[in-house]
Amino acid sequence: MSTETTAPEVKEEKRPSEPLFSKKNKKLITDPLDDDNPITVQVLGICSALAITVQVEQAVVMSLSVVFVMMMGNLIISLLRNSIPSRIRIIVQLVVVASLVIVVSETLQAFLPDVAARLSVFVGLIITNCIIMGRFEAFAMGNKPFPSVLDGFGNALGYAWILVAVAVVRELFGSGKLYGFEVIPAAFYDMGYMNNNMMILPPMALVTVGVIIWIQRARNTKLIEEN
Amino acid sequence: MALDKNSNAFTFGFALVMVVVVGAVLSSLAMGLKPLQLKNQADKKRIDILTAIDVDANRTNAAELFDKYVVERVVIDYDGNIISSNTGEVDALDDKDAFNINIRAEYRDRSIKPEERNYPFYKCDKDGKTLYVIPMIGNGLWGAIWGFVALEDDFNMVYGASFDHATETPGLGAEISLPMFQDPFKGKQILDDQGNYKSIEVKKGGAEAGNPHQVDGITGGTITSDGVTEMLQRTLKVYHRFFNKNNA
């Protein structure tokens, strides 16, 4: 697990008059979607991007769970930031993620048992999602609650859209479905079209993520390293 | 006196309070949601049993349909002797009730030998036909696989089957939970012409046409398919003994 991030250092504001959605706060949400995307730019959270992107439905539920864990976690850490003893701060962060994940997992089992069964161990694995610990350490520990919640939301969304995009590609070409519905007409299959079983296996998720990074860098020249 | 946030006392105090608070919150949540989760698990089991006898059930009508079709819940031992038999509504506290036997826990507990396990089955009545639904558990490629096979009252002909899995590969081994895999089991036989026990094999490369003891395997899911074969072979044998005893 890595906690290295290129976090935007937001200094704590003393002025109380800052509008709720100031330019700076908006940036907290929009940056992780593209310029500072946790998966494609920071290359964090790759493990779950490979594991649960076989079907769109799983990716969506996983994303929603991560949005919840990340916003709540950032809020809690930010509220406690001035009292957390620095020597055990990583442990405290871990306890916060772990508890929130257990809350999500138990709730899913009680109210959405079929989805919970399909996600099986992956909800538990949110704990090991490096993005979450990374944001706690890099942002929530040093910022006020509201910007922290926005930062959590932005990063979770940045994670979510990549996850869903990969899942769309994999489900469409791997099983000919989207969100569980058949979308490729039977006539195609009659003409000899076949689902690509390779898309279902984890390596193709990595390739798909790679292609997304490629497209992103071709479009957004800011991301290209100078050599 | 100002608190020194880097002192050992503060650090220990913080950790202590954190553990107590988190522990209290999580355990009360778990306790609160437990009844719902148990109900979900029981409903899933009912749906699986009903699927094996070709009754379409969902979470809302599972309990009602289960009570309608399942007339008797029986537990037998390895040698085929009846241990317990229940009718009527399931009492969640009666651990001798076939419905409450956790064959998965018994299968995974290495200290319980196959001879010591409980073998539950469900006697169903569907359109005047008596069917026996046999639960089974085995190993796939990544984790547990399980299923329910419904036999007709000659204890030979398969009426239907449902299988499911914990973590098989989606699109490959995971296909055992689809009708495409399960439907061919209908009409297969577990006994040969002489009435000897033969079981059913999930055949790699496709079943021989007309062979009543084979079904098509899953391409790319060989280990899961073999797991199903092993599970059928091992489990149905016990029930075959029971049937022989009661019809000899």
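Labels below follow one simple rule: chain letters A, B, ... track the order of the sequence lines, proteins then strands, and each chain is numbered from 1.
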request  = Starting from the C-alpha separation in whole Å, work towards a yes-or-no answer on side-chain contact (heavy atoms from CB on, under 4.5 Å) for A/I200 and B/L172.
outcome  = CA-CA 9 Å; A/I200 290 170; B/L172 300 175; 5.5 Å; no
note = Here the gap from B/L29 atom CG to A/I102 atom CD1, rounded to the nearest 0.5 Å, amounts to 9.5 Å
query = For the candidates A/L80, A/I88, A/N195, which exhibits the highest count of non-hydrogen atom pairs separated by less than 4.5 Å from chain B?
reply = A/I88
Between A/S86, A/S175, A/A110, the one whose heavy-atom pairs under 4.5 Å with chain B are most numerous = A/A110
Counting only heavy atoms not in [X] (residues, nucleotides, ligands), do more than 12 fall under 6.0 Å from its [atom1]?
X: B/D56; atom1: CG; value: no
X: A/L75; atom1: CG; value: yes
X: A/F188; atom1: CZ; value: no
X: B/K39; atom1: NZ; value: no
X: B/M180; atom1: CE; value: yes
X: A/Y189; atom1: OH; value: yes
X: B/K204; atom1: NZ; value: no
X: B/R108; atom1: CZ; value: no

ask   = Is a donor on one side and an acceptor on the other found under 3.5 Å between the side chain of B/Q37 and the backbone of A/E106?
value = yes
query = Between A/S83 and B/F10, what is the shortest heavy-atom contact and its length?
reply = O-CE2, 3.0 Å
message = I need the minimum non-hydrogen distance between A/Q109 and B/N40, along with the two atoms involved.
response = O-ND2, 2.9 Å
query = Relative to chain B, which segment of A/V95 carries a heavy atom at a distance below 4.5 Å: side chain, backbone, both, or neither?
reply = side chain
inquiry  = Counting only non-hydrogen atoms closer than 4.5 Å, does A/V96 touch chain B with its backbone (N, CA, C, O), its side chain (CB onward), both, or neither?
reply    = neither
ask   = With a 4.5 Å limit on heavy-atom distance, are the side chains of B/L26 and A/V103 in contact?
value = yes
key: Pair A/D114 + B/K44: basic N to acidic O under 4.0 Å   = no
